[in-house]
Amino acid sequence: MKKNDLKSMGKSFTKYILIIGALLILLDFTFHRHEYFSFAEIYGFPAFFGFVSFVFIVMLGKWLRKFLMRKEDYYDQ
Amino acid sequence: MISNFIPGLIMIITSFLLPTIPQYFRHPAMLLSVGLSALSLFNGYGTFLEWDILGLNLILYQSDSLTLPFAIIFHIAAILVIIFSWHSKNLMEHMATLAYAGSAIGALHAGDFFSLFIWWEATALTSVFIVFAGNTNAAKDAAMRYLIIQVSSGVLLLIGACLMLYQTGNHNLAVLDLKTNFGIFIFIAFGIKAAFPLLNGWLQDSYPESSVTGTVALSAFTTKLAIYALARTFPGTDSLIWIGAIMTAFPVFFAVIENDLRRVLSFSLNNQLGFMVVGIGIGTELSLNGTVAHAFVHIIYKALLFMSMGAVLYRAGTTKASELGGLYKYMPFTTIFCIIGAMSISAFPLFSGFVAKSLIMSSLGGMGMVLIYFILFFASAGVLEHSGIKIPYFAFFAHERKNKVEEAPINMLIAMGIAAFLCIAIGVFPKYLYQILPYTVDYQPYTLDHVISQLQLLVFAIIAFLFLVKFKLYPSEIRSTVLNSDWFYRKMLPGIGKPLFKKIGILTESLYKNLGLSFKQVLSKSYKFSNLSYIKVTTPSFAGTILISILFIMLVIVLV
């Protein structure tokens, strides 16, 4: 039972986030979202930007490990 | 009488008296001193105390619309730190914390560069004891490095102030530009404490080494004092826009791979300072309001996040992501408070970060700065990644925990509760925050466009996280050290300097030896010169090497 707690929490969290995400995209079609820059007014632009930025940050960070990561006692040596 | 008393000074006096106060009454006395200092907030604007000394007129206590919001939040932060550390019996840390907060408040009210310098150094000298109180060898080493960097900032400020007085005959705080040499000195001095790119190493080096409670105090004052100083002296300096934009973006990548969650928060702090620096660089009334509002709310949610990680460190003994997880069951209140802090820093609508960050974003958008706007928008997704998701996820969820731990002590919960309450209250009722900002601006953060845009960004960034975890693309936590700009003076300079000094040492020693021998031949009775122990040249220590290198760089700057 205990092991399933986090898993079931994760599952329901994912479900609700996806529903909210879908609603936010649908909402974009119901009104004209004014932005400072016209290209940002494309349907779902902030959503797309958020998703891509997040993946980019994590992937680039992961890649940077090659150059920036050292052993935990690096400075003690 | 109290109206002429420099705000914060009473806290410094109390800190010196703390050893004479019984343990049981120390915290009430500290709170009382903050309360007495806070009376100054009702004094209104004006110059209240000046001092003519050595032909100089020092403005020790002045207050205006820029000082007030910072003074309010510094007092609030001091109260939060005192409550959070109520359980602790570490006298040195209490003294240092109270004097440090008092110095920072005093610095806000300085009206000239020499008074500011005194407080600037006072914050350095008091806060180093907070790092020191981390009480590990790593903390002691970090404290020494911290002191060298902080004092260097003060020295640069003093050089700038002297040059300014010499060249213009004026030393009062005024708007400066980078066309003057004193302007550059003062800019770099502020830039060090504001953790500009490549000058930021000290922050991530020292803050995570401090104690459970010390980091909370450190996170509030030094960097925001630098933001205040920049806002006062360099508003509208174009280069700050780019410096700030780089500050928002580049710590994000370091935060992704850092394993120590308190260090992740230190990178996050750096990123948040970037938003404020951009606001100063734009220099309009709206953007400066944005900077002040952001500094105000940031102190609260950053303290809240550091408090929650402090509570985790206190109970679980570590803040390394690789060794944490599953604490939500045992520390439910801390979990909730941490999530509130995380949502505030990520700028979810109805939380404090949203109403502050919006001011800066709107001023960028209004001025048509498309590239900077989207760098900051991108950095907002980065904030969500490291502070919004990584901190709560790895500490409290991630996987089930085997050993039980206790919930945080009641005083910690109260401090976190107050901070969490403020995060939501400011988010829901932003007009009270807007009322104390330096300029009167009619601004409405809650427009449908803005709320939907921000929610789309955040929700889809969370979906990206879930996607990466689901497909096992999210990097696992690894015990490691992530290189940062402190590498230059922790590895590179000693790496070059030590062998160099050794070589010089050998050369000069042989020179002295030959000299000594010739002296011996000439004056056969002179033992002093012929005794080699008198002329032995020692290679400087690690700290010495750094110090000499910094002095050398400063010498080069002066000559240039």
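By convention in this document, chain letters (A, B, ...) are assigned in the order of the sequence lines, proteins followed by strands, and residues within each chain are numbered from 1.
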For A:Met69 and B:Ser480 the tightest heavy-atom approach is CG-CB, 3.5 Å
Heavy-atom pair count under 4.5 Å with chain A, highest-scoring of B:Arg479, B:Met361, B:His450: B:Arg479
At a heavy-atom distance under 4.5 Å, which candidate from B:Ala398, B:Ser476, B:Ala379 has the highest pair count against chain A? B:Ser476
Measure across A:Phe54 and B:Ala381 and return the closest heavy-atom pair with its distance rounded to 0.1 Å. CD1-O, 4.1 Å
If you tally heavy-atom pairs under 4.5 Å between each of B:Gly382, B:Gly366, B:Ser380 and chain A, the highest tally belongs to B:Gly366
Okay, B:Leu466 and chain A: the region with an atom under 4.5 Å from a heavy atom over there is side chain
With a 4.5 angstrom heavy-atom cut-off, could you sort out which part of A:Ile57 is near chain B: side chain, backbone, both or neither? both
Does A:Asp73 have more than 12 heavy atoms from other residues, nucleotides or ligands lying within 6.0 Å of its CG? yes
For side-chain contact (heavy atoms from CB on, under 4.5 Å), just list the numbers for A:Asp5 and B:Tyr328, CA-CA rounded to whole Å, side-chain angles, deciding distance to a tenth of an Å, and then say yes or no. CA-CA 11 Å; A:Asp5 274 4; B:Tyr328 77 100; 3.6 Å; yes
Using a cut-off of under 4.5 Å on heavy-atom pairs, state which of B:Thr447, B:Asp141, B:Ile463, B:Val256 scores highest against chain A. B:Ile463
What are the two closest non-hydrogen atoms of B:Ile257 and A:Gly61, and how far apart are they? CG2-O, 3.2 Å
Using a 4.5 angstrom heavy-atom cutoff, name the option from B:Ile462, B:Val370, B:Leu455, B:Val252 with the most pairs to chain A. B:Val370
Looking only at atom types and distance, does a side-chain atom of A:Lys62 sit under 3.5 Å from a main-chain N or O of B:Leu473, one as donor and one as acceptor? yes
Verify side-chain contact (heavy atoms from CB on, under 4.5 Å) between B:Ser453 and A:Phe45, making sure each step is shown before the conclusion. CA-CA 8 Å; B:Ser453 175; A:Phe45 178 84; over 6 Å; no
Measure from NZ or CZ of B:Lys491 to the centre of the six-membered ring of A:Tyr74 and say whether it is under 6.0 Å with the direction within 45° of the ring axis. yes
With a 4.5 Å cut-off on heavy-atom pairs, point out which of A:His32, A:Glu41, A:Lys71 contacts chain B the most. A:Lys71
Report which part of A:Tyr16 has an atom under 4.5 Å of a heavy atom belonging to chain B: side chain, backbone, both, or neither. neither
Are B:Lys320 and A:Glu72 within salt-bridge range, i.e. N to O under 4.0 Å? yes
Residue pair B:Phe253, A:Leu68: steps toward the side-chain contact (heavy atoms from CB on, under 4.5 Å) verdict: CA-CA 10 Å; B:Phe253 302 106; A:Leu68 297 175; over 6 Å; no
With A:Phe49, which of B:Phe378, B:Phe374, B:Tyr373 fulfils ring-ring contact (aromatic ring centres under 6.0 Å, His included)? B:Phe374
Of the listed residues (B:Phe254, B:Phe465, B:Tyr474), which shares the most heavy-atom pairs with chain A below a 4.5 Å separation? B:Phe465
Salt bridge (charged side-chain N to carboxylate O under 4.0 Å, His left out) pairs, two or more places apart, involving residues 20-36 of chain A: A:Asp28-A:Arg33, A:Arg33-A:Glu35
Pair B:Phe467 and A:Phe51, ring centroids less than 6.0 Å apart: yes
Is chain A contacted by the side chain of B:Ala255, its backbone, both, or neither, given a heavy-atom distance below 4.5 Å? neither
So, the part of B:Met367 with a heavy atom under 4.5 Å from chain A: the answer is neither
Check the pair A:Arg65 / B:Val482 against side-chain contact (heavy atoms from CB on, under 4.5 Å), numbers first and verdict last. CA-CA 8 Å; A:Arg65 268 190 171 165; B:Val482 176; over 6 Å; no
Qualifying salt bridge (charged side-chain N to carboxylate O under 4.0 Å, His left out) pairs with a residue from residues 44-53 of chain A, counting only residues at least two apart or across chains: none
So, the part of A:Phe48 with a heavy atom under 4.5 Å from chain B: the answer is neither
B:Phe488 CZ: over 12 foreign heavy atoms closer than 6.0 Å: no
Give the minimum heavy-atom separation between A:Pro46 and B:Gln456, together with the two atoms involved. CD-OE1, 3.3 Å
Please look at B:Leu458 and chain A and tell me whether the side chain, the backbone, both or neither of the residue comes under 4.5 angstrom of a heavy atom of that chain. neither
